[in-house]
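Worksheet: the structure to be examined is printed underneath.
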Amino acid sequence: MKGFIKLFLLELCCSYTLISVLGAVVNIIGGTETNNFNVIMMFCFCLIIVAVLKTHKLFENLSPLVMIIVQYILAFGLCSLLVLMISIFVDPISLRGWFEFIRSFTIPYILGAFFYYYKVFKDAKEQSELIAQIQELAEQK
């Protein structure tokens with residue numbers, strides 16, 4: 001459990017740093033500024049997304065593509081719910097705001113999921129090769 005928490009926090013920190021830096025670059029290029037509320041929302045989104053991606057073991061009986069789509073829908077739904085709850089207290093969100101939210105959520109999610117699943121499948125391949133080597137050694141004896 002301690003290792004799981006360490007890995008979760010490491011992935012959360014790396015993803016948040018990457019998203020923050022990319023957001024800063026986009027803001028510099030676009031000539032816009034961000035506020036502290038947006039920074040907190042980016043962290044909340046990263047927290048939700050990393051938590052959802054860590055549930056991939058619950059969906060192992062599904063094909064990888066279906067698993068990724070289900071996780072995207074789950075993460076998008078949770079983040080949308082968070083935005084909807086906050087919009088009740090802060091400002092209502094316009095249709096353009098929802099469009100921007102969907103775009104701003106989907107692009108980083110796809111990039112993050114790609115790297116996450118690349119790592120997962122690479123680890124699985126390495127474990128499979130290791131098991132094959134162990135079986136070869138066991139057959140030789």
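Predicted model only: the values in this text are computed from it and were never measured. Here, residue 1 is the first one in the sequence, and each next residue gets the next number.
In this structure, L95 is not a member of the same hydrophobic cluster as L81, with clusters built from ILVMFWY side-chain heavy atoms closer than 4.5 Å. Hydrophobic clustering (side-chain heavy atoms under 4.5 Å, transitive across Ile, Leu, Val, Met, Phe, Trp, Tyr) groups I48 together with W98. Cluster annotation: I40 is not connected to M85 through the hydrophobic network of ILVMFWY side chains, with a link wherever side-chain heavy atoms come within less than 4.5 Å. Residues F99 and I102 do not share a hydrophobic cluster, clusters being chains of Ile/Leu/Val/Met/Phe/Trp/Tyr side chains in contact below 4.5 Å. When hydrophobic clusters are built by joining Ile, Leu, Val, Met, Phe, Trp and Tyr residues whose side-chain heavy atoms come closer than 4.5 Å, directly or via intermediates, L82 is grouped together with L84.
We find the CD1-CD1 distance between I93 and I86 to be 8.5 Å, quoted to the nearest 0.5 Å. Rounded to the nearest 0.5 Å, atoms CD1 (I68) and CD1 (I110) are 10.5 Å apart.
Remark: I73 pairs with I69 by the side-chain contact (heavy atoms from CB on, under 4.5 Å) rule, at least two apart or across chains. T17 is linked by a side-chain hydrogen bond (donor to acceptor under 3.5 Å, both in side chains) to nothing, counting only residues two or more places apart in sequence or in another chain. A search for side-chain contact (heavy atoms from CB on, under 4.5 Å) contacts involving L53 returns I49, Q71, Y109, A113, Y116, Y117, not counting sequence neighbours.
Residues F76 and F45 place their aromatic rings such that the two centres sit no closer than 6.0 Å.
For M41 against V83, the heavy-atom pair with the smallest separation is CE-CG2, 4.0 Å. Of all the heavy atoms in F101 and S80, the pair that sits closest is CE2-OG, 3.2 Å. Heavy atoms only, all atoms of each residue included: V66 and L62 are closest at CG1-CD1, 4.0 Å.
Residue pairs meeting the side chain to side chain donor-acceptor pair (under 3.5 Å) criterion with at least one partner in residues 120-131, sequence neighbours excluded, do not occur; the list is empty. Listed by first and then second residue, the salt bridge (Lys or Arg N to Asp or Glu O under 4.0 Å) pairs that reach into residues 98-107 are R96-E100, E100-R103, sequence neighbours excluded.
Side-chain heavy-atom separations under 4.5 angstrom define the hydrophobic clusters, and the remaining members of the one that includes I134 are L130.
The environment of F114 atom CZ is sparse: at most 12 non-hydrogen atoms of other residues, nucleotides or ligands sit within 6.0 angstrom.
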Open item on the list: Run K54 and V50 through side-chain contact (heavy atoms from CB on, under 4.5 Å) and show every step you take.
Closed with: CA-CA 6 Å; K54 294 295 274 183; V50 170; 4.2 Å; yes
